[in-house]
Amino acid sequence: MNAQISKAKELGLCFGVRRAVKMLKEAAKKYGEIETLGPVAHNRQLVQGLAEMGIRPVENLEQLEGKVLAITTHGASPEVLSATQGRHVQVIDTTCPIVKRAQNSAKELAENGFDVIVFGEAGHSEVKGLLGWSGAKGIVALDGTEIDSSKLSHRVGVISQTTQSQVAFVEFTKKLLVALFPTVQEMRVINTLCRATQRRQQAAVTLAKRSQLMIVVGGYDSANTRRLAEACSPIVETHLLERADRVDGSWLVGKQRIGIAAGASTPDEAVEELVDKLTSLAKLVA
Ligand code: SF4
């Protein structure tokens, strides 16, 4: 019997990355070369495809050579945005509206006197931006118990990196509540999670439950792609791959139900290449 290969009900490029790619392609037609502050999304295939159209990433403003700069879906801090103004470059802002909403939450909390705690990865570009919008008292953490309550004021606001999992964010806020009471008088939690990410995670978990093998395709440094693999791993054998050519045929031996999930920055072609690869390998091992 041939193996059944199924895609998660929601997978691949989210509306935020599709929107950014569309804006960049239109701008490239109009202006020619464009530099992006960091990669457009954490996916090499996507970044390489855009580079062929003259859209290439720079690591910082000092590396800028051209006249058109794009802010990526992950957004940027107010400091970075104002630093672009002195450089006489045209700025195209592709910050995802969901990230923009999280930035606005951070800004509002800081303006209202709250210390802002960001649940997320310290080195991630979105988190760096969120800390910038949190003013001088932004703190990033992944574990609510590691925060020193003596350094906080009496009012604390909590937001999340948009692509974190709902379960992890809820767990974080619960631990934080226990750790900060009774020092803190007010704790305000704002749900800044991205629903597109949550839906991809739920769809991946649902498929993992009825599969014997899950393959997650996407960039190794993509936070939301890694999260998909982390969500499926406890349920079933799961492999995270950047491209279809990394599939090992031995994984398919004895497997009749194979599931595919893909991160929010994974291009459609990467998903289709994986389907084709698994279909041909499944025939060989059947
Ligand atoms: S994963 Fe969510 S927050 Fe990130 S770009 Fe896509 S829609 Fe926006």
Side-chain angles (χ1 to χ4, degrees), residues 7-27 36-47 49-50 55 57 70-77 80-81 92-107 118-134 140 158-169 172 190-205 216-232 240 242 261-271:
K7 292 195 270 186
K9 251 188 173 169
E10 288 225 22
L11 83 173
L13 281 193
C14 61
F15 88 92
V17 177
R18 281 191 201 279
R19 171 182 171 274
V21 168
K22 186 167 177 271
M23 285 170 80
L24 288 168
K25 285 182 178 173
E26 282 168 8
T36 64
L37 196 53
V40 171
H42 291 134
N43 186 286
R44 272 196 282 182
Q45 204 173 345
L46 185 77
V47 171
L50 292 174
I55 303 162
I71 303 297
T72 68
T73 53
H74 300 120
S77 67
V80 169
L81 292 177
I92 297 163
D93 188 356
T94 74
T95 305
C96 173
I98 310 292
V99 174
K100 193 76 219 157
R101 199 181 60 193
Q103 291 176 342
N104 289 340
S105 297
K107 181 170 177 273
V118 181
F119 173 57
E121 294 150 301
H124 195 281
S125 42
E126 179 197 321
V127 174
K128 288 184 192 164
L130 289 176
L131 285 175
W133 289 96
S134 303
V140 58
V158 187
I159 59 171
S160 175
Q161 178 181 2
T162 56
T163 50
Q164 290 289 336
S165 87
Q166 184 173 306
V167 174
F169 185 41
F172 174 82
I190 301 180
N191 182 356
T192 54
L193 293 171
C194 161
R195 286 214 212 117
T197 306
Q198 305 306 312
R199 285 199 302 267
R200 276 160 184 70
Q201 286 172 5
Q202 279 155 11
V205 165
V216 179
V217 61
Y220 295 127
D221 51 358
S222 156
N224 75 83
T225 305
R226 282 202 314 270
R227 219 83 67 211
L228 289 177
E230 284 163 15
C232 296
L240 169 59
E242 209 165 51
S265 50
T266 307
D268 301 339
E269 310 86 74
V271 176

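Atoms within a ligand are numbered from 1 in the order they appear, just like the ligands themselves.
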Give a yes/no answer: is there an N/O/S atom of Cys96 under 2.8 Å from atom 2 (Fe) of ligand 1?
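No - counting backbone and side chain alike, Cys96 has no N, O or S atom under 2.8 Å.
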
Any donor and acceptor pair, going by atom type alone, linking the side chain of Thr192 with main-chain N or O of Thr162 inside 3.5 Å?
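Checked: no pair found.
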
Does the Gln201 side chain pair with the main chain of Arg227, one donor and one acceptor, at a distance under 3.5 Å?
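It does not hold such a pair.
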
Could you tell me whether the side chain of Ser222 reaches within less than 4.5 Å of the side chain of Asn43, counting heavy atoms only?
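Not in contact.
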
Do Arg226 and Glu121 have side chains that approach each other closer than 4.5 Å (heavy atoms only, starting at C-beta)?
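Yes, close enough: below the 4.5 Å cut-off.
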
[atom]: nearest protein contact (heavy atom, Å):
atom: atom 1 (S) of ligand 1; answer: Thr197 OG1, 3.4 Å
atom: atom 6 (Fe) of ligand 1; answer: Cys14 SG, 2.2 Å
atom: atom 3 (S) of ligand 1; answer: Thr162 OG1, 3.6 Å
atom: atom 4 (Fe) of ligand 1; answer: Thr163 CG2, 4.2 Å

Which ligand 1 atoms, with their elements, are less than 4.0 angstrom from a heavy-atom of Cys194?
1 (S), 2 (Fe), 3 (S), 7 (S)

Which of the ligand 1 atoms, numbered from 1, are nearer than 4.0 Å to a heavy atom of Phe15
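Near Phe15, the atoms of ligand 1 are 7 (S).
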
Tell me if the CZ atom of Arg44 is crowded by more than 12 foreign heavy atoms within 6.0 Å.
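Not buried by this count: 12 neighbours or fewer within 6.0 Å.
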
Can you confirm whether more than 12 heavy atoms, excluding those of Lys7, are under 6.0 Å from its NZ atom?
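Not buried by this count: 12 neighbours or fewer within 6.0 Å.
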
